[in-house]
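To start, the structure under review is shown below, and the notes come after it.
Letters A, B, ... mirror the listed sequences (proteins, then strands); counts begin at 1.
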Protein chains: 2
Amino acid sequence: MGIQERKERQLAEREQLFLDAAREQILQDGLLGLQMAKVARACDYATGTLYQHFASKEDLLVAICGDLVEKRVEIFNRLPRWKAPSRERILGIAVGDIIFAHHYPEHFKLAQFVFTEVVWQAASPKRRSQLLETSRPMGEAVRQIIDDAVAAGDLDTHGRPVFEMTLGQWTMTLGMHNLVHAEGVLELYNLHDPYRILLRQLNALLNGLGWQPLMDPFDEAALEQLVTRIQREVFADLCDSTTDNESSGCP
Amino acid sequence: MGIQERKERQLAEREQLFLDAAREQILQDGLLGLQMAKVARACDYATGTLYQHFASKEDLLVAICGDLVEKRVEIFNRLPRWKAPSRERILGIAVGDIIFAHHYPEHFKLAQFVFTEVVWQAASPKRRSQLLETSRPMGEAVRQIIDDAVAAGDLDTHGRPVFEMTLGQWTMTLGMHNLVHAEGVLELYNLHDPYRILLRQLNALLNGLGWQPLMDPFDEAALEQLVTRIQREVFADLCDSTTDNESSGCP
DNA sequence: TCGAACTATGAACCGAGTTCAAAATCCCAG
DNA sequence: CTGGGATTTTGAACTCGGTTCATAGTTCGA
């Protein structure tokens with residue numbers, strides 16, 4: 001069945017072509033600028049062909065989101081392998097996410113939009129469950145880290161679901177991305193370096209939840225040092241060696 | 001200038017009429033179901049009249065959001081007056097927000113959508129700055145509480161901006177609302193009582209940030225007791241005395 | 001080489017947001 | 001009271017972009 005295979009491969013390739021073109025367009029013209037006809041045209045296909053891959057514009061949006069989540073998962077998957085104190089590995093998730101946000105600045109903006117009722121409900125159930133499924137490994141990676149931490153005696157979950165031990169991290173990150181992408185809000189509240197503040201808050205949360213070893217949440221130098229270490233040891237390839245002074249990225 | 005006044009009042013009344021009708025429609029048919037023509041028709045006005053008040057659909061959405069924020073501000077404003085340990089007052093913000101979310105279940109869903117690039121950029125600058133201005137008092141109330149706490153010796157901000165002492169609370173709340181309104185996510189991660197978990201996490205965060213007096217973040221009973229006290233002392237009128245067993249609301 | 005099955009095309013359709021010229025109403029000077 | 005200019009309301013017409021589907025083109029095995 002070589003023909004069948006080839007057809008499927010070609011179809012997948014074209015789907016990726018569409019996805020990339022759409023992402024490019026979002027990057028260029030914003031979410032507002034995304035138009036089905038333009039995407040198809042950019043790939044030298046007719047509109048109808050685009051609709052063979054994506055049932056609707058919302059479907060396309062969800063698909064792009066899923067495509068990006070895969071890259072995010074790749075980042076998450078580094079953590080369980082990284083041999084370090086569990087607390088640092090947990091914070092590593094956040095650091096990885098921040099690096100990810102820098103590489104794909106459109107992702108969280110898109111994600112916020114996609115999980116909006118308007119887009120979500122209009123997308124096909126297949127795409128939706130596909131997106132949820134794609135993001136599942138992130139949860140798995142985190143679970144692994146926490147299980148390790150408990151096994152090593154670094155953390156007592158007090159009988160609570162493992163997942164809860166990092167849910168705050170997740171929601172805080174989500175919320176901070178909301179703020180970062182809500183135009184005008186950063187200025188209104190004078191948040192010059194939101195991701196740095198996020199790391200501080202996460203560090204404090206971990207303290208409050210009893211993660212070991214403890215670190216003073218106000219010890220800026222220690223946090224700085226830890227973040228740098230994580231970047232070097234886990235995400236070196238993603239961090240340009242060119243001096244990027246913004247602490248939000250890869251300092 | 002009695003005539004001028006009357007006209008302005010009538011205009012304001014009609015604007016509220018439109019806002020309420022639109023909100024009603026969102027409640028009924030979801031954000032997807034909101035249609036300009038339907039809103040106008042529901043108020044027995046022509047489409048054009050609606051456009052005298054709101055420059056676009058996005059404008060209307062932002063306006064509705066602002067309308068709800070005013071009600072939210074009313075809740076925030078109770079806290080600085082409430083005489084209680086500062087830590088409890090800070091947690092009171094979260095409790096108030098959760099109660100608010102119960103009374104206006106559409107708010108956070110709407111807010112998430114409104115602060116999306118697609119809606120935000122399409123709305124008129126006037127409406128946008130109006131919405132931001134409306135939400136400013138929330139920040140003021142929080143600032144007041146923290147200033148009081150510092151003055152009372154309950155908290156050392158370590159020289160950091162006052163706002164940062166609760167930013168984590170804000171982002172965490174935002175993020176949790178994102179999850180609550182992202183269909184499928186709660187089920188995927190078995191989050192049965194997201195707001196209860198949120199309160200736990202917030203409590204832990206406050207611990208980590210050094211708010212006084214400390215409370216064990218795993219002491220469920222103590223947290224329960226505190227939440228109940230806040231509800232009774234600050235939000236009694238908003239909490240139905242009818243037994244609502246859902247801890248997310250008014251238990 | 002042929003024709004059935006499959007695929008791509010893009011003009012036409014459709015629906016909702018938006019506009020604007022005409023109609024209705026309001027206000028006040030005469 | 002009344003005439004007419006200013007203001008407000010109306011809703012049919014317009015626009016624009018997502019979506020469809022009859023038609024044209026292509027593929028593949030007999």
Using a distance-only test with no angle check, is there a side-chain donor-acceptor pair under 3.5 angstrom linking [X] and [Y]?
X        : Y       : value
A:Tyr45  : A:His53 : no
A:Glu140 : A:Asn77 : no
A:Thr173 : A:Asp97 : no

Using the ring centroid of each side chain, check whether [X] and [Y] are separated by less than 6.0 Å.
X        : Y        : value
A:Tyr195 : A:His177 : yes
A:His107 : A:Phe100 : yes
B:Phe113 : B:Trp120 : no

Exercise. Any side-chain N or O of B:Gln52 less than 4.0 Å from the OP1 or OP2 oxygen of D:dT8?
Worked result: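 No, B:Gln52 has no side-chain N/O under 4.0 Å of OP1/OP2 on D:dT8.
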For this session: Have a look at B:Glu74 and tell me which of B:Lys71, B:Arg78, B:Arg72 forms a salt bridge (Lys or Arg N to Asp or Glu O under 4.0 Å) with it.
Result: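 So the option named by the test is B:Arg78.
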For this session: List the steps, then state whether side-chain hydrogen bond (donor to acceptor under 3.5 Å, both in side chains) holds for A:Gln16 with A:Asp67.
Result: CA-CA 9 Å; A:Gln16 196 58 50; A:Asp67 198 41; 3.3 Å; yes
Exercise. Which residues within residues 10-31 of chain B lie with some heavy atom under 4.0 Å of an atom in DNA chain C?
Worked result: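 The answer is none.
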Exercise. Thinking salt bridges, do B:Arg128 and B:Asp59 make one under a 4.0 Å N-O criterion?
Worked result: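 Looking at B:Arg128 and B:Asp59, the cut-off is not met.
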Exercise. Only one of A:Thr116, A:Val118, A:Val119 forms a side-chain contact (heavy atoms from CB on, under 4.5 Å) with B:Leu32, so which one is it?
Worked result: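 Of all the options given, the one that passes is A:Val118.
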Exercise. Once you build an axis from the first five pairs and another from the last five of the helix from C:dT1-D:dA30 to C:dG30-D:dC1, how far apart in angle are they, to 10 degrees?
Worked result: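 One end axis against the other gives 20°.
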Exercise. Going 5' to 3' along nucleotides 11-28 of chain D, which nucleotides have protein heavy atoms under 4.0 Å from the base (write B), which only from the sugar-phosphate (write S), and which from neither (write -)?
Worked result: B-----SSBB-------S
